[in-house]
Protein chains: 2
Amino acid sequence: MSKEGIYVSEAVIRRLPKYYRYLDDLEKVGIERVSSKELSRRMGLTASQIRQDFNCFGGFGQQGYGYNVSELKKELIKILGLDKRYNLIVIGAGNMGQALANYVAFEKEGFYIRALFDINPKLIGMTIRDIKIYDLDYLEEYIKMNPTDIAVITTPRQEAQAIADRLVTSGIKGIWNFAAVDIEVPQDVVVENAHISDSLFTLSFKTREDIKLI
Amino acid sequence: MSKEGIYVSEAVIRRLPKYYRYLDDLEKVGIERVSSKELSRRMGLTASQIRQDFNCFGGFGQQGYGYNVSELKKELIKILGLDKRYNLIVIGAGNMGQALANYVAFEKEGFYIRALFDINPKLIGMTIRDIKIYDLDYLEEYIKMNPTDIAVITTPRQEAQAIADRLVTSGIKGIWNFAAVDIEVPQDVVVENAHISDSLFTLSFKTREDIKLI
DNA sequence: TAGATTGTTAATCGATTAACAATC
DNA sequence: TAGATTGTTAATCGATTAACAATC
């Protein structure tokens, strides 16, 4: 962990939440230690890969013993940034926006949805679990007054880029994008796509009987 | 396209829906032809990769011309299996299940949600856009009487594996899994995960300032 | 101590990129 | 025809896997 930063490939990043889930499960059933071999058996990865992945962030294991489950889980929490609290806003209070606002489990991990925004007059003023739905016009002013870490875009795809531009101008550095479109942002802004229709199309592709996966 | 099947890597598969989206956009703004170079500029891929990807499925282009947008889009529809209709059922009529049932756009691509299932007596009997919520006990009988292509799991994670087992026993071959857990199924059943909490954790990781992405 | 398992280096494998002949 | 761009082969790059010395 040099001071100049840790370099991590996308492939490793995608596996990190999965490690966290498995470690959490192991801890819940009371397992105290786990070897990379045992973890590889459970997760369907190779032991080599698991050790390589963890070693991006430092050596958390002990020769002859393996990894302490609780300790490793704690490390993963730190690595993923789940030891912090995040203020979220959701742009678009339709089906997906409301579903996210209703989903309480994110709070357990430190992600708090503080406000929703929409242009629909029928929605504006409503609350979901005490979370207010504001007029989209109020977006910039809201952000100015309320420090916000992550903005979630659940608008129709046509609106997504314009919203992203406004978010970027307002200083938002993390965008979780549910709109089925790739949005362009400056280098210092992180976009994570949750393209669920892409996921569905992938499934329909994989159910083709003439397709063999490599 | 040999009769023994097409072999496609996961990396290629993940790009297919993205190609489809971009081709759809190009068609919508009236662009008739596109070269791999132009498409690479728009999509942020290399032209080489685009040509390689398409050539998994056959040569759709023409030297000196490029690709005909509408034709290529049609090919992608066929490749992704979006020229067919799919009957879907959703297990779990909570936030996410209801949001999916309310999301009409999937129907335009051939995905029809036909029924929801839940154990909550307050939900059973309700309808969402004319889609009935059934008692989960009725799952097997429903599938027996109604040919179903894809089952969507939006239950709490603890229930997901048991549900998957029942779906597999009932002959379901495609599962779209929103539960934050990896489910085990026989080889001939396809699971596509929509692990949105993993996606959020990835975002929180990427917003760490000491992290450099490779 | 002996056995187990890590951290890490080296080897392999697969995916991406480059190059170019074929051809529209 | 000349220019453009594909389809495809070869070169490169990066990720995964294997191997093993270090050590608990």
Side-chain angles (χ1 to χ4, degrees), chain A residues 1-2 6-16 18-19 22-23 26 31-76 79 202 211-214, chain B residues 1-2 6-16 18-19 22-23 26 31-76 79 202 211-214:
Chain A
M1 282 219 207
S2 82
I6 311 164
Y7 288 78
V8 191
S9 72
E10 188 71 23
V12 173
I13 296 174
R14 294 283 152 209
R15 284 191 290 270
L16 294 175
K18 185 168 170 170
Y19 288 126
Y22 277 80
L23 268 297
L26 286 172
I31 292 173
E32 268 175 38
R33 70 187 180 103
V34 69
S35 66
S36 57
K37 194 181 166 192
E38 167 64 6
L39 200 53
S40 77
R41 196 188 57 72
R42 289 174 183 259
M43 295 184 66
L45 306 172
T46 65
S48 234
Q49 184 166 62
I50 291 172
R51 294 201 299 277
Q52 289 273 25
D53 284 355
F54 291 162
N55 274 87
C56 293
F57 305 98
F60 306 131
Q62 199 167 59
Q63 282 103 325
Y65 173 86
Y67 300 88
N68 179 289
V69 170
S70 297
E71 233 173 72
L72 186 54
K73 186 193 151 187
K74 262 181 219 139
E75 289 295 342
L76 276 159
I79 289 167
T202 301
I211 292 293
K212 312 262 183 291
L213 309 181
I214 289 172
Chain B
M1 282 218 208
S2 82
I6 310 164
Y7 289 78
V8 191
S9 73
E10 189 73 22
V12 174
I13 295 174
R14 293 284 152 208
R15 285 190 292 270
L16 294 175
K18 186 168 169 171
Y19 287 127
Y22 276 81
L23 268 298
L26 287 172
I31 292 173
E32 267 175 39
R33 72 187 180 103
V34 70
S35 67
S36 57
K37 194 180 166 193
E38 167 64 7
L39 201 53
S40 77
R41 195 188 57 73
R42 289 173 182 260
M43 295 183 66
L45 307 172
T46 65
S48 235
Q49 184 167 61
I50 291 173
R51 294 202 298 278
Q52 289 273 25
D53 283 355
F54 291 161
N55 273 88
C56 292
F57 305 98
F60 306 130
Q62 200 167 59
Q63 282 103 326
Y65 174 86
Y67 300 87
N68 178 291
V69 171
S70 299
E71 231 172 73
L72 186 54
K73 186 192 150 189
K74 263 181 218 140
E75 289 294 342
L76 276 159
I79 289 167
T202 302
I211 292 294
K212 312 263 183 292
L213 308 181
I214 290 174

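Chain identifiers are assigned alphabetically (A, B, ...) following the order of the sequence lines, protein sequences preceding nucleic acid strands; residue numbering begins at 1 within each chain.
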Spacing between Gln62(A) atom CD and dA4(C) atom C1', to the nearest angstrom: 12 Å
Using a cut-off of 6.0 Å, state whether more than 12 heavy atoms not belonging to Lys74(B) lie near its atom NZ. no
What I want to check is whether an N or O donor and acceptor connect the side chain of Gln52(B) with the base of dT17(C) at under 3.5 Å. yes
Rounded distance (nearest 0.5 Å) linking atom CG of Asp53(A) with atom OG of Ser36(A): 11.0 Å
State which of dT17(C), dC24(C), dT5(C) makes the closest approach to the side chain of Gln63(B). dC24(C)
Please report the distance, rounded to the nearest Å, between CZ in Phe57(A) and P in dT8(C). 15 Å
Below 4.5 Å, heavy atoms only, C-beta onward: do Lys73(A) and Tyr67(A) meet side chain to side chain? no
Verify the contact: side-chain N or O of Gln49(A) to OP1 or OP2 of dT16(D), cut-off strictly under 4.0 Å; return yes or no. yes
Nearest-nucleotide comparison on DNA chain D, the residue closer to the 5′ end among Tyr65(A) and Glu10(A): Glu10(A)
Within the pair Arg14(B) and dA15(C), is there a side-chain N or O less than 4.0 Å away from OP1 or OP2? no
Looking across every strand, which nucleic acid part, if any, lies under 4.0 Å from Arg33(A) by heavy atom: base, sugar-phosphate, or nothing? nothing
Could you write out DNA chain D as a dot-bracket string, with dots for unpaired bases, | for bases paired across to another strand, and Watson-Crick or G-U pairs counted at under 3.5 Å? ..||||||||||||||||||||||
Just call it for Ser48(A): base, sugar-phosphate, or nothing, with non-hydrogen atoms closer than 4.0 Å on any strand. base
Please check the phosphate of dT16(C) (OP1 and OP2 only) for any side-chain N or O of Thr46(B) closer than 4.0 Å. no
Please give, in whole Å, the distance from dT5(D) P to Asn55(B) CG? 17 Å
Which residue, Arg51(B) or Ile214(B), contacts DNA chain D at a nucleotide closer to its 5' end, judged by nearest heavy atom? Arg51(B)
Rounded to the nearest angstrom, tell me the gap between atom CD1 in Ile50(A) and atom P in dG7(C). 12 Å
Ignoring backbone atoms, test whether Arg15(B) places a side-chain nitrogen or oxygen under 4.0 Å from the OP1 or OP2 oxygen of dA15(C). no
Once you round it to whole Å, what is the distance between C1' of dT5(C) and CZ of Phe60(A)? 17 Å
Aromatic ring pairing Phe54(A)/Phe60(A), orientation class (parallel under 30°, perpendicular over 60°, tilted between): tilted
What's the NZ-C1' distance between Lys37(B) and dG3(D), to the nearest Å? 12 Å
Starting at CG of Leu213(A) and ending at P of dG14(C), how long is that distance when rounded to a whole Å? 15 Å
Using a 4.0 Å heavy-atom cut-off across all strands, classify Phe54(A) as base, sugar-phosphate, or nothing. nothing
Atom-to-atom span, CD of Glu71(A) to P of dT6(C) - whole angstrom: 14 Å
Within the pair Tyr67(B) and dG7(D), is there a side-chain N or O less than 4.0 Å away from OP1 or OP2? yes
Taking for each residue the nucleotide of DNA chain C with the nearest heavy atom, is it Gly64(B) or Asp53(B) whose nucleotide lies nearer the 5' end? Asp53(B)
With heavy-atom distances below 4.5 Å as the criterion, would you say the side chains of Leu16(A) and Thr202(B) are in contact? no
Measuring only between side-chain heavy atoms, which start at C-beta, is Leu39(B) closer than 4.5 Å to Leu45(B)? no
Met43(A) side chain near Arg15(A) side chain, heavy-atom distance below 4.5 Å: no
For dT6(C) and Ser36(A) - does any side-chain N or O of the residue sit under 4.0 Å from the phosphate oxygens OP1/OP2? yes
If you check the Ser9(B) side chain, which of dA15(C), dA22(C), dT16(D) turns out closest? dA15(C)
Compare all side-chain heavy atoms of Ile13(A) with those of Leu213(B) and state whether any distance is below 4.5 angstrom. yes
